[in-house]
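Below is one structure, written out as C-alpha cells, with a few remarks after it.
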Amino acid sequence: MKPLLCTLVSLTVFSFTFCAMVMTVLANGTLGKLVGSVKDASGAAVSSVEITLRTTQQAVIANTVTDENGKFVLDNLAPGSYEISITRPGFKRYRNAVQIASGGVREFDVVLEVNSLSGEVTVTAEVGQVSNSRNVDTQVNVINEDEILQRATEVVAQAVDEETGVNLQRTSPSLSAVFVRGLTGRNVAVFVDGVRYTTSAQRGGVGTFFSLIEPSSLDTVEILRGPNSSQYGSDVHGGVVNFISHAPRYGSTDDEFHGNTNFFYTSVTNGGGGNALVTYGTRSYGLLLNINGRRISTLRPADGLDYHAAVTRFLGLPSNVFGSRLPDTGFTQYGGLIRVSYNV
C-alpha cells in the first residue's frame, strides 16, 4: 500500500509540474519582448539609464537600466500599447509610445540629447491606447511639467494659458474653467490619471473641482480637441483634459532617492508657495511623497482700479477709494500626495 501511495503522489506531482511547464510555454508564446539601446548625440553608448514602461493608466509594469554598452531588455510583456520613459541626469527626458506584439521582439533604439529644447511626447487620444502626437489625426495639446509650474501659480487651470484652441476662464481666484472648442463645464471631461474626475451632472460653467488638483503633483496635462472626445462619454462634446500625476520611480539599485523642490512668488496677488517632492524606490517597489502649500493674498487689479466694482458702475467713483486690492479674494491651500507602486 505504501509504494502505491508514493507512486500516486509522484504521479500527481509530475502532473502538476508538467501542466505548469505547459502553461508557462503557452504563456511565453503570447508574451513579447522589448530590446534596445541608448546613445548620446555623438553615438556613444549611455549606461545607467533608467527605462520605465507604463500602461495608459500610468501603472509601471517594467523597469530596468542600461548596461555598460547602453543596451536594455524588458521581457515577459503582455501585448498592448505602452508609454516608454527614458531618463538620466544631464539628459533630456524621453517619452514615446511603443507597441508590443504577441510573441514578438520589438527593437527600440533611442538617442538622448543634452539640454534639448524639444522632445517626443505621447498622448491618450484613443481610449486605452498610447500614441505619438504626430500620428494622431485629432488636435492634442501636451503641457509638460515645467510649463505647468510656470503658469499655474494660483490654480491648476492656469496651465492652459497660451495653449492653441484652449481658453481659460476665471470668475474668482479659486474658481476657473477650461474652454475647449467653445464649450466648458459638463461638456469638457476632466480625467486624473485616466479616471474621470467630473460627471455629466455638474454645472455648465466654472467649478471648484479644478482647484482641488495640485499643479506640483502633475507630470503632464493632455488636452484632446475634436470629435474623438465623444469616445470618453456621450456628453463630452468639447474635449478632454487629462491630468497625469507623477508616478513613483523604481530604483536601479536598492534604496534610491530622487526629488525636487519648487517655490514661487506672484506680485499680482502678493502670494507665494511651493512644494517638496521626493521618491524612494527599489527594484520591487516605489514610494512618492509630495507636500505643497500656497497663500494667495488679495488681488490687485491693473492700476489698482476695478472697473466692475459696484461703486464704479453705479456711482462713478474709482474703486480704489476702498483700497487698491480686491477684498475677500485671498485663500490658503495646502495638501499632500502619497503614491505607492509595487512591481509584481
Side-chain angles (χ1 to χ4, degrees), residues 123-124 139-226 229 232-233 235-246 262 264-275 290 292-301 308 326 328-335 337:
V123 299
T124 54
Q139 297 296 319
V140 178
N141 301 67
V142 180
I143 308 172
N144 60 37
E145 179 184 4
D146 293 337
E147 293 171 330
I148 296 172
L149 294 176
Q150 291 173 8
R151 301 173 184 175
T153 55
E154 298 166 14
V155 290
V156 71
Q158 291 177 299
V160 306
D161 258 346
E162 307 174 26
E163 290 296 315
T164 303
V166 185
N167 295 302
L168 167 67
Q169 181 192 33
R170 294 184 66 188
T171 56
S172 76
S174 57
L175 285 176
S176 57
V178 174
F179 274 80
V180 184
R181 301 174 65 203
L183 298 172
T184 187
R186 58 178 173 269
N187 297 128
V188 175
V190 177
F191 284 75
V192 178
D193 295 328
V195 179
R196 186 158 181 176
Y197 191 66
T198 59
T199 68
S200 59
Q202 73 178 59
R203 60 184 294 184
V206 297
T208 58
F209 54 88
F210 267 108
S211 301
L212 300 178
I213 302 174
E214 170 57 33
S216 64
S217 298
L218 299 176
D219 179 71
T220 311
V221 177
E222 299 172 352
I223 304 174
L224 171 63
R225 299 181 282 121
S229 62
Y232 293 84
D235 58 311
V236 186
H237 306 302
V240 179
V241 181
N242 188 19
F243 294 99
I244 301 178
S245 305
H246 284 288
N262 297 282
F264 73 89
Y265 171 78
T266 170
S267 61
V268 176
T269 62
N270 192 27
N275 77 290
N290 182 46
N292 56 81
R294 67 189 67 216
R295 169 58 190 173
I296 303 302
S297 301
T298 52
L299 288 172
R300 183 186 69 242
H308 296 282
L326 306 183
D328 300 325
T329 55
F331 66 93
T332 301
Q333 178 175 295
Y334 54 89
L337 170 68

Mind checking the [atom1]-[atom2] spacing from [X] to [Y]? Nearest 0.5 Å is all I need.
{"X": "Q158", "Y": "R151", "atom1": "CD", "atom2": "CZ", "value": "10.5 Å"}
{"X": "E214", "Y": "F243", "atom1": "CD", "atom2": "CZ", "value": "11.5 Å"}
{"X": "D146", "Y": "N262", "atom1": "CG", "atom2": "CG", "value": "8.5 Å"}
{"X": "I244", "Y": "D219", "atom1": "CD1", "atom2": "CG", "value": "7.0 Å"}
{"X": "R294", "Y": "N275", "atom1": "CZ", "atom2": "CG", "value": "8.5 Å"}
{"X": "L337", "Y": "I213", "atom1": "CG", "atom2": "CD1", "value": "12.0 Å"}

Give me the atom names and distance for the closest heavy-atom approach of [X] to [Y].
{"X": "V221", "Y": "V241", "result": "CG1-CG1, 4.1 Å"}
{"X": "Y232", "Y": "R196", "result": "O-NH1, 3.5 Å"}
{"X": "S216", "Y": "L149", "result": "CA-CD2, 3.9 Å"}
{"X": "F331", "Y": "R295", "result": "C-NH1, 3.2 Å"}
{"X": "R181", "Y": "H237", "result": "NH1-O, 2.9 Å"}
{"X": "P215", "Y": "I148", "result": "O-CG2, 3.7 Å"}

### Summary
Paired with I143, the side chain to side chain contact (heavy atoms under 4.5 Å, CB included) test is passed by just one of I223, T220, V166, L218, namely I223

### Task
Determine the sole option in V180, D235, L224 for which the side chain to side chain contact (heavy atoms under 4.5 Å, CB included) test with V188 is passed.
V180

Just wondering, do [Y] and [X] contact through their side chains at under 4.5 Å, heavy atoms?
{"X": "L168", "Y": "F179", "result": "no"}
{"X": "N290", "Y": "H246", "result": "no"}
{"X": "E222", "Y": "F191", "result": "no"}
{"X": "V178", "Y": "N167", "result": "no"}

### Query
Considering residues, nucleotides and ligands other than Y334, do more than 12 of their heavy atoms fall under 6.0 Å from its OH?
no

Under a 3.5 Å distance rule, please check whether [X] uses its side chain to pair with a backbone N or O of [Y] as donor and acceptor.
{"X": "E147", "Y": "N144", "value": "yes"}
{"X": "S176", "Y": "A157", "value": "no"}
{"X": "N270", "Y": "T298", "value": "no"}
{"X": "T269", "Y": "I296", "value": "no"}

### Derivation and outcome, salt bridge (Lys or Arg N to Asp or Glu O under 4.0 Å), residues R225 and E163
CA-CA 12 Å; R225 299 181 282 121; E163 290 296 315; over 6 Å; no

